[in-house]
Amino acid sequence: MIQIKSIVEAALEDCKKDGTLKLELLPEVLLETPKQADHGDLSTNVAMVLAKSEGKPPRKIAEAIVSHIKVPSDVLAAVSIAGAGFINFKINPGFALNTLTEIFKQGPDFGKSKMGGGKKVQVEFVSANPTGPLHVGHGRGAVYGDALSRLLSAAGYKVTKEYYLNDAGVQMQTLGRSVLLRMKELQGEKVEFPENCYQGAYIKDIAAEVLAKNKNFGSEEEAIKFCGDYAGAKIHDEIVADLKDCGVTHDVYYYESTLHKKNLVADAVEFLRKRGYVEDREGAIWFLSTKFGDEKDRVLKKSDGFYTYFAADIAYHKEKFDRGFDYVIDVWGADHAGHVPRMKAAIEAMGHDPKQFDAVLIQLVNLMRGGELISMSTRSAQYETLRTLLNEVGKDVCRYFFLMRSHDAQLDFDIELAKSQTMENPVYYIQYAHARIASVFAKAHANGVSLDYNHVDLSLLTLPEELAITRFLGEYPALVEEAAKELTPHKISFYLLELARRFQSYYTKGNKEPAYRFLTDDPKMTLAKCYLLKNIQIVLKNGLDLLGLSAPDRMDSQEE
RNA sequence: GGGCCCAUAGCUCAGAGGAUAGAGCUCUUGCCUUCUAAGCAAGAUGUCGCAGGUUCGAUUCCUGCUGGGCCCGCCA
């Protein structure tokens with residue numbers, strides 16, 4: 001791929017030198033794999049891009065370029081001009097097959113790149129308040145953030161996964177009060193349970209636990225504080241456990257209370273004031289976010305003397321950059337969309353390049369069962385917890401479903417489909433491909449075939465599917481870079497599905513056509529076929545790893 | 001009312017400034033003495049929401065409209 005690109009670039013240089021083309025500035029040569037296989041292995045549209053600046057028809061330009069390319073060569077088998085001015089390349093099979101050597105050599109590192117140049121990236125995700133269990137929406141954000149982190153690491157960034165823990169302020173008090181009230185209820189007291197208190201059944205369980213401790217509180221305030229702290233810690237532990245069962249972990253838990261203790265919130269406000277973006281008005285302190293395109297200014301410190309959540313968040317983001325991150329990504333639920341402009345404004349006001357910050361919005365999840373929407377009302381809270389979902393469908397399925405859609409499209413998560421073992425549930429299909437390959441190796445081993453990949457004759461791989469799959473494998477590293485750049489891990493899901501599909505089709509042909517069987521009477525042929533399989537397996541495994549999915553060597557039937 | 005996201009096959013969704021717009025499900029028909037049938041092959045379906053604009057070329061980019069979702073507090 002890179003070789004082809006430089007061949008075209010060299011041809012362009014030559015055109016310029018001998019005056020065939022003006023080429024005031026050299027265009028970027030973009031290569032793509034044509035959808036139509038008979039168009040060639042690779043194609044470029046440079047000639048069409050140049051049509052305007054050169055003032056010549058695209059086909060004429062294409063002819064000029066092609067006349068400066070040497071064919072056939074080690075790399076190229078043929079070059080042709082087609083359509084409006086596409087230049088199509090046929091790659092020498094022998095050259096294309098070198099991809100396999102490359103994949104095999106790199107193994108688990110195949111697909112990794114240095115694109116990120118070791119830049120420090122922080123991905124902040126989940127950051128759910130410790131006031132109740134995670135729901136499926138959190139789950140989607142969690143799995144997305146985790147997969148994105150893996151993706152960025154693979155692309156050469158140094159990634160820190162962080163969870164911002166909102167352990168200060170009103171809500172912890174509300175949590176404490178909720179628990180205390182339930183305790184009183186359990187002691188037979190008749191209490192009015194306010195609507196703004198946490199309604200979930202888990203509050204009652206915690207209340208019972210606290211009661212069992214037989215604590216004596218000096219004051220109601222002290223009781224609320226204790227209950228809030230106790231419940232917060234307990235709920236947070238459960239959140240961490242839920243995440244872990246989802247394969248999601250964080251490197252850093254950052255506590256909001258730390259910001260207050262270190263006076264960082266006040267510092268951040270003063271920092272902004274010094275830069276001229278803060279004003280005192282109506283007894284409150286305001287951030288002039290409208291200077292950066294926000295629709296209105298935002299309060300940092302309320303007239304009651306307390307800082308807003310936003311002020312703390314600014315302090316937190318200041319802290320992120322102070323800690324030396326080059327690039328900060330926040331993964332938020334779509335309901336926080338309105339917060340993006342003000343956060344961007346704050347980042348800019350603090351003197352950072354807005355390009356160093358991205359807020360990714362995760363659209364909501366509709367939980368379904370057999371085509372029926374499960375109501376998201378608070379009453380049915382237990383149906384929408386991540387925990388129940390995990391218990392019902394398992395980690396891999398759960399992760400894959402969250403990662404098989406673009407994050408900015410709403411997701412229908414049908415539990416019945418997720419439990420099925422058909423193509424409606426592609427995670428099994430992909431894992432099956434990996435397992436099938438393992439199974440072939442096991443069979444080879446049982447037959448006493450030794451697979452020494454040091455001396456493989458690649459020229460034995462001549463079937464069209466073998467060349468096509470090899471080419472497809474070769475696209476994987478560019479895909480990883482693209483997905484990392486675009487923050488779109490779902491592209492990996494689609495790639496894996498396509499790879500699995502190509503493999504399954506190739507595999508099944510062996511049922512009918514001996515030429516397609518892997519384990520043959522000819523040891524050299526067997527070795528070459530298995531080498532290809534090994535490489536397919538490596539890429540499947542690497543991709544599954546990126547998504548945090550297991551790559552099993554066998555599929556254990558889940559039939560009852 | 002304003003902002004953000006979405007609109008592509010009957011359903012769930014990919015795709016992308018370029019060649020004949022894809023996949024799965026569904027429906028029909030075949031394929032297990034062979035390396036796992038959680039599989040494969042073949043066949044069907046499209047006004048890429050509507051209207052303009054930019055472009056050699058738009059389903060893709062821009063504007064407006066329509067429909068659906070989310071948001072719009074000195075809450076967190």
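Every value quoted in this text rests on a predicted model; they were computed, and no experiment measured them. Basis for what follows: all heavy atoms, side chains included, without hydrogens, waters or symmetry-related copies. Sequence lines set the chain letters: A, B, ... in the order given, protein chains first and strands last, and positions in each chain run from 1.
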> So F292(A) and F287(A), would you call those rings parallel, tilted or perpendicular, with 30° and 60° as cut-offs?
Replying inline: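 Plane angle under 30°, so parallel.
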
Between [options], which nucleotide has the shortest distance from any of its atoms to the side chain of [X]?
{"X": "Y507(A)", "options": "C13(B), A76(B), C35(B)", "value": "C35(B)"}
{"X": "S505(A)", "options": "G69(B), A76(B), A41(B)", "value": "A41(B)"}
{"X": "S439(A)", "options": "A41(B), U36(B), C74(B)", "value": "U36(B)"}
{"X": "S43(A)", "options": "A38(B), U34(B), A19(B)", "value": "A19(B)"}
{"X": "S406(A)", "options": "A38(B), A19(B), A14(B)", "value": "A14(B)"}
{"X": "Y432(A)", "options": "U36(B), A14(B), A76(B)", "value": "U36(B)"}
{"X": "R501(A)", "options": "G24(B), A76(B), C35(B)", "value": "G24(B)"}
{"X": "L361(A)", "options": "C4(B), G73(B), C6(B)", "value": "C4(B)"}
{"X": "V440(A)", "options": "G39(B), U12(B), C35(B)", "value": "C35(B)"}
{"X": "K296(A)", "options": "C74(B), C13(B), C70(B)", "value": "C74(B)"}

> Between F357(A) and H317(A), does the ring centre distance come in under 6.0 Å?
Replying inline: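 Yes; H317(A) has its ring centre under 6.0 Å from that of F357(A).
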
> Mind checking whether Y164(A) and Y316(A) have ring centres under 6.0 Å apart?
Replying inline: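 Yes, ring centres under 6.0 Å apart.
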
Just checking [X]: base, sugar-phosphate only, or nothing, at a heavy-atom cut-off of under 4.0 Å?
{"X": "H336(A)", "value": "base"}
{"X": "A435(A)", "value": "base"}
{"X": "G169(A)", "value": "nothing"}
{"X": "F413(A)", "value": "nothing"}
{"X": "N166(A)", "value": "sugar-phosphate"}
{"X": "N88(A)", "value": "base"}
{"X": "F518(A)", "value": "base"}
{"X": "F86(A)", "value": "base"}
{"X": "A82(A)", "value": "base"}
{"X": "E498(A)", "value": "nothing"}
{"X": "L300(A)", "value": "nothing"}
{"X": "D304(A)", "value": "nothing"}

Phosphate OP1/OP2 of [N]: any [X] side-chain N/O under 4.0 Å:
{"X": "R554(A)", "N": "A38(B)", "answer": "no"}
{"X": "H490(A)", "N": "G15(B)", "answer": "yes"}
{"X": "K302(A)", "N": "C75(B)", "answer": "yes"}
{"X": "Y428(A)", "N": "U36(B)", "answer": "no"}

Considering only nitrogen or oxygen atoms on both sides, find all protein atoms under 3.5 Å from nucleotides 28-33 of chain B and state each distance.
{"unit_1": "C31(B)", "atom_1": "O2'", "unit_2": "K512(A)", "atom_2": "NZ", "d": "2.7"}

> Given atom CG of D297(A) and atom P of C72(B), what is their separation to the nearest angstrom?
Replying inline: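 So the two atoms are 18 Å apart, to the nearest Å.
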
> Atom CD of E295(A) to atom C1' of C4(B): distance rounded to whole Å?
Replying inline: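 Going from E295(A) (CD) to C4(B) (C1'), I get 10 Å.
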
Please write out the pairs of protein N or O atoms and N or O atoms of nucleotides 55-57 of chain B separated by less than 3.5 Å, giving the distance to one decimal.
{"unit_1": "C56(B)", "atom_1": "OP1", "unit_2": "K52(A)", "atom_2": "NZ", "d": "3.1"}

> Has the side chain of S303(A) got a donor or acceptor that lies under 3.5 Å from a partner of the other kind on the base of C74(B)?
Replying inline: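 Indeed there is one.
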
